[in-house]
Q: 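Here it is, the structure in full.
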Amino acid sequence: MSSTQSAGNTSSTVHMSETSGTSNASTTSSPTAAPRGILHGLPWVVWRRHRATLLTGLAITVVGCALFAYQRIGVMDFLNAKGTLSNSKVGDLADLILDFNSKIDPTFSRDSDFLKFVPAVVGVFLGAPLIAREQERGTIKLVMTQSVGRGRWIAATLGVPLAFVALCTTLLTVAFTWLWSPAHELASGWLGTGPFETTGPVPVAMTLFVTACGIALGMLFKRVITAMAATAALALVTALIWSDQIRGRLATPRSAMYPYGSDGHIPYGAEQVDWWAATADGKRFDKGTCYSYDQAADVACRAKLGIVNRVTQYFDYGQMAGMQWLGAGILLALTAVVLAFVVWRARRRPL
C-alpha cells in the first residue's frame with residue numbers, strides 16, 4: 001500500500017515538474033514578452049506601437065543637428081575674418097552687413113523656417129493620431145479589457161511620446177542657438193524674423209503645447225484625419241496669436257532719445273519696435289508728422305511744432321532670454337492644462 005502511494009506521488013511530482021518546465025519554457029520563448037531594458041512594460045508597448053514615427057523624428061533631429069554643426073564652421077570663419085558690428089575688422093560697416101546678408105543670413109532664414117514648422121508637424125503627425133488611431137481602430141477597447149488600469153495606460157501613452165518630443169526639440173534648439181548666437185548682431189533681427197521662436201526654450205514649449213492640443217483633439221474627434229486637420233488649423237491660429245498678441249508684451253520696451261536727423265542709434269543687437277518725433281519737453285508726435293518728400297516743408301513743419309528729437313522704442317538683446325522664458329512658461333502652463341484635461345477625460349469618460 002505504502003509502495004503504491006509512493007509511486008503515485010513520484011509520478012505526480014514528475015508530471016507537475018514537466019508541466020512547470022513547459023510553462024516556463026513557453027513564457028521564456030514568448031516573442032511578445034517585453035525586454036527588460038530602459039523601456040519595459042507599458043512604456044515599451046507604447047514605443048513599439050509608435051516607433052516608426054519616433055524613429056523618424058530622431059533621424060530628422062540627428063540630421064538637423066549635424067547640419068547646424070557644419071554650418072557653424074562657415075559662420076565662425078566669416079566672423080573670424082570680418083568681425084561683428086561691435087568688433088568689426090573691416091572699414092565700412094555697411095559693406096560688412098551686405099556681405100553677411102548675402103553669404104550667411106539666408107542660411108539662418110532657411111534654418112529658422114524649418115524649425116518654425118516643427119511644432120505643427122509634430123502636433124499633426126504624432127499628437128493627433130496618438131489616441132485617435134486607437135479609438136478609430138477599436139484597439140483601445142481591447143486595452144481597457146486587460147489588467148492595465150486607465151491611469152497607467154494614459155500615463156505611458158502620454159509620457160513616452162512627450163518625453164521624446166522634449167528631447168528632440170531641445171537638441172535641435174540647442175544646436176541652432178549655438179549656430180546663431182555668435183552672429184546675432186549681424187543677423188536680420190531676432191524678434192520678428194524667427195530666432196525668438198527657434199532658440200532658447202520657446203520651440204520646446206511650443207512643440208509640447210501643440211502636440212498636447214493634437215492629442216486632446218484626437219481624443220475628442222476619434223478620427224485621425226479630422227484630428228490632424230484640426231491640429232494643423234490650431235497650430236496656425238496659435239502662431240498668429242503668439243506673434244500678434246503675446247510676443248511683444250513679454251517685456252517692457254526701452255526708449256532712446258537723440259536729436260532729430262542725427263546719427264543716433266539703438267544698441268547693437270537690439271530690435272526696434274517703433275519711433276516718434278518729440279519736442280524738447282518730451283511731447284511726442286506720430287512718426288508720420290512732418291515727414292514727406294518735401295524736405296524744406298518738413299523742416300518748417302518741425303520748427304513750427306517744436307520737434308527737435310527722435311524717440312526710438314526697442315527691445316534690447318539682453319531682454320531676449322527673459323522674454324523667451326516667460327513665453328515658454330505661459331506655453332508650458334497651457335500644456336499642463338490641456339494634458340490635465342486629457343487625463344481627466346481618459347479616466348472619467350468612455351473612450
Q: Do NZ/NE/NH1/NH2 and the carboxylate oxygens of Lys116 and Asp113 come within less than 4.0 Å?
A: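 Judged by the 4.0 Å cut-off on N to carboxylate O distance, Lys116 and Asp113 do form a salt bridge.
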Q: When you look at Arg133 and Glu136, which way does the side chain to side chain contact (heavy atoms under 4.5 Å, CB included) test go after all the steps?
A: CA-CA 5 Å; Arg133 180 173 288 117; Glu136 192 173 60; 5.6 Å; no
Q: Show me the pairs that pass side-chain hydrogen bond (donor to acceptor under 3.5 Å, both in side chains) and involve residues 161-182, at least two apart or across chains.
A: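 For residues 161-182: none.
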Q: State yes or no: do Leu96 and Met76 share one hydrophobic cluster built from I, L, V, M, F, W and Y residues joined by side-chain heavy-atom distances below 4.5 Å, directly or via other members?
A: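 Yes: a chain of side-chain contacts under 4.5 Å links Leu96 to Met76.
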Q: Where do Leu130 and Thr157 come nearest, in terms of heavy atoms and distance?
A: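 Minimum heavy-atom contact is CD2-O, 3.4 Å.
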Q: Using the test ring-ring contact (aromatic ring centres under 6.0 Å, His included), find all partners of Phe78 that sit at least two apart in sequence or belong to another chain.
A: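 Applying ring-ring contact (aromatic ring centres under 6.0 Å, His included) to Phe78 gives Phe100.
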Q: Answer yes or no: does atom OH of Tyr317 have more than 12 heavy-atom neighbours from other residues, nucleotides or ligands under 6.0 Å?
A: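 Yes, enclosed.
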Q: Within the structure provided, determine whether Phe196 and Leu250 are in side-chain contact (heavy-atom separation under 4.5 Å).
A: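 Result yes, sub-4.5 Å side-chain heavy-atom pair found.
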Q: State, yes or no, whether a side-chain contact exists between Leu162 and Leu339 at a heavy-atom distance under 4.5 Å.
A: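 Of all side-chain heavy-atom pairs linking Leu339 with Leu162, at least one is under 4.5 Å.
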Q: Rounded to the nearest 0.5 Å, how far does CG of Asp77 lie from CZ of Arg72?
A: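 Here the interatomic distance stands at 11.0 Å.
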Q: Would you say Ser255 and Tyr314 are linked by a side-chain donor-acceptor pair, where the criterion is simply a distance under 3.5 Å?
A: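 Ser255 and Tyr314 do not have a side-chain donor-acceptor pair below 3.5 Å.
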Q: Do Leu220 and Arg345 come close enough that some side-chain heavy atom pair is under 4.5 Å?
A: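 Yes. Closest side-chain heavy atoms under 4.5 Å.
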Q: Any side-chain heavy atom of Pro203 within less than 4.5 Å of one from Val118?
A: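 No, their side chains stay 4.5 Å or more apart.
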Q: For Met320 and Trp190: C-alpha separation, side-chain torsions, deciding distance, then whether side chain to side chain contact (heavy atoms under 4.5 Å, CB included) applies.
A: CA-CA 8 Å; Met320 180 179 176; Trp190 52 264; 3.8 Å; yes
Q: Linking I/L/V/M/F/W/Y whenever any side-chain heavy atoms sit under 4.5 Å apart, do Ile97 and Leu79 land together?
A: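 In one cluster: yes.
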Q: Determine the minimum heavy-atom distance between Asp105 and Ala187, stating which atoms define it.
A: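 Asp105 and Ala187 have their closest heavy atoms at OD1-CA, 3.7 Å.
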Q: Who else is in Trp325's hydrophobic cluster (ILVMFWY, side-chain heavy atoms under 4.5 Å, direct or via others)?
A: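 For Trp325, no cluster forms, as it stays isolated from other hydrophobic side chains.
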Q: side-chain hydrogen bond (donor to acceptor under 3.5 Å, both in side chains): which pairs involve residues 289-298, sequence neighbours left out?
A: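 For residues 289-298: Ser292-Asp298.
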Q: List for me each residue that meets ring-ring contact (aromatic ring centres under 6.0 Å, His included) alongside Phe68, sequence neighbours excluded, and say none if there are none.
A: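 Counting only residues at least two positions away or on another chain, Phe68 forms a ring-ring contact (aromatic ring centres under 6.0 Å, His included) with Phe176.
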Q: Using every non-hydrogen atom in the two residues, find where Gly218 and Ala227 come nearest and quote the distance to one decimal.
A: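 Nearest pair, atom of Gly218 first, then Ala227: CA-CB, 3.5 Å.
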Q: Identify the two heavy atoms, one from Ala277 and one from Ile307, that lie closest to each other, and give their separation to 0.1 Å.
A: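 Smallest interatomic distance, heavy atoms only, reads CB-CG2, 3.6 Å.
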Q: When rounded to the nearest 0.5 angstrom, what is the spacing between CD in Gln71 and CZ in Arg110?
A: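 Gln71 atom CD to Arg110 atom CZ measures 7.5 Å (nearest 0.5 Å).
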Q: About how many Å separate CE of Met206 and OG1 of Thr335, when rounded to the nearest 0.5 Å?
A: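 Result: 9.5 Å between the selected atoms.
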Q: Hey, quick one: are Leu54 and Ile215 part of the same hydrophobic cluster, counting side-chain heavy atoms closer than 4.5 Å, chains of contacts allowed?
A: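 In one cluster with Leu54: Ile215, yes.
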Q: Please examine the side chains of Val210 and Val122, heavy atoms only from C-beta on, and report whether any two atoms are closer than 4.5 Å.
A: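 No; the side chains remain at least 4.5 Å from each other.
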Q: Show every side-chain hydrogen bond (donor to acceptor under 3.5 Å, both in side chains) that has at least one partner inside residues 196-215, sequence neighbours left out.
A: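 Only Glu197-Trp242, Glu197-Arg247, Thr199-Gln324 qualify under side-chain hydrogen bond (donor to acceptor under 3.5 Å, both in side chains).
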Q: If you link ILVMFWY side chains whenever their heavy atoms are less than 4.5 Å apart, which other residues fall into the same cluster as Leu234? By chain and number, please.
A: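 ILVMFWY cluster around Leu234 also holds Leu217, Phe221.
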Q: What residue pairs, at least two apart or across chains, pass salt bridge (charged side-chain N to carboxylate O under 4.0 Å, His left out) with a residue in residues 307-329?
A: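 Qualifying pairs, neighbours excluded: Arg254-Asp316.
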Q: For a quick test of reading the model, state the closest non-hydrogen atom pair linking Gly189 to Pro195 and the distance between them.
A: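 Taking every non-hydrogen atom into account, O-CG, 3.8 Å.
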Q: Taking the side chain as C-beta and beyond, is there a heavy-atom pair between Val75 and Phe108 under 4.5 Å?
A: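 Side-chain contact under 4.5 Å: yes.
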Q: Under a single-linkage rule joining Ile, Leu, Val, Met, Phe, Trp and Tyr whose side-chain heavy atoms are separated by less than 4.5 Å, which residues share a cluster with Val311?
A: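 Answer for Val311: Met257, Trp276.
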Q: Please report the interatomic distance CG(Leu171) to OG1(Thr61), rounded to the nearest 0.5 Å.
A: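 Reported value, rounded in 0.5 Å steps: 6.5 Å.
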Q: Search all heavy atoms of Gly74 against all heavy atoms of Ile104 and return the closest pair with its distance.
A: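 Heavy atoms of Gly74 and Ile104 come nearest at O-CD1, 4.3 Å.
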Q: As an exercise, state the distance from CZ of Arg249 to CG of Asp244, rounded to the nearest 0.5 Å.
A: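 Taking CZ in Arg249 and CG in Asp244, the distance rounds to 10.0 Å.
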Q: If only atom types and distance count, is the side chain of Gln319 paired as donor or acceptor with the main-chain N or O of Ala270 below 3.5 Å?
A: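 No.
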Q: I'd like to know if the side chain of Thr226 reaches the main chain of Lys222, judged simply by a donor and an acceptor atom lying under 3.5 Å from each other, with no hydrogens or angles considered.
A: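 Between the backbone of Lys222 and the side chain of Thr226 there is no qualifying donor-acceptor contact (under 3.5 Å).
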Q: Once disulfide (SG to SG under 2.5 Å) is applied, do any residues pair with Cys301, and if so which ones, sequence neighbours excluded?
A: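 Cys290.
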Q: Nearest 0.5 Å please: distance from the CG atom of Asn101 over to the CG atom of Leu186.
A: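 With rounding to 0.5 Å, CG (Asn101) is 8.0 Å from CG (Leu186).
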Q: Would Leu158 end up clustered with Val224 when hydrophobic side chains under 4.5 Å apart are linked, directly or stepwise?
A: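 Different clusters: Leu158 never reaches Val224 through Ile, Leu, Val, Met, Phe, Trp or Tyr contacts under 4.5 Å.
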Q: Can you sort out the partners of Lys283 under side chain to side chain donor-acceptor pair (under 3.5 Å), two or more places apart, ordered by chain and number?
A: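 Here no residue qualifies.
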Q: Is it the case that the side chain of Ser243 and the backbone of Leu240 share a donor-acceptor pair, with hydrogens and angles ignored and the cut-off at 3.5 Å?
A: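 Checked: pair present.
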Q: Decide side chain to side chain contact (heavy atoms under 4.5 Å, CB included) for Val46 and Trp153; before the verdict, give the C-alpha distance in whole Å, the side-chain angles of both, and the deciding distance to 0.1 Å.
A: CA-CA 9 Å; Val46 173; Trp153 174 81; over 6 Å; no
Q: Side chains of Cys65 and Leu172: does their closest heavy-atom pair fall under 4.5 Å?
A: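 The answer is yes, as the side chains (C-beta and beyond) meet within the 4.5 Å cut-off.
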Q: Between Asp274 and Thr312, is a side chain to side chain contact (heavy atoms under 4.5 Å, CB included) present by the stated rule, with each step listed?
A: CA-CA 6 Å; Asp274 206 346; Thr312 300; over 6 Å; no
Q: Does Lys103 have any salt bridge (Lys or Arg N to Asp or Glu O under 4.0 Å) partners at least two apart in sequence or in another chain, and if so, which?
A: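 Asp99.
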Q: Linking I/L/V/M/F/W/Y whenever their side-chain heavy atoms sit closer than 4.5 Å, directly or via other members, would Leu208 and Val121 fall into one cluster?
A: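 Leu208 does not cluster with Val121.
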Q: Is the shortest heavy-atom distance from the side chain of Asn309 to the side chain of Thr279 under 4.5 Å?
A: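 Contact flag for Asn309/Thr279 side chains = no.
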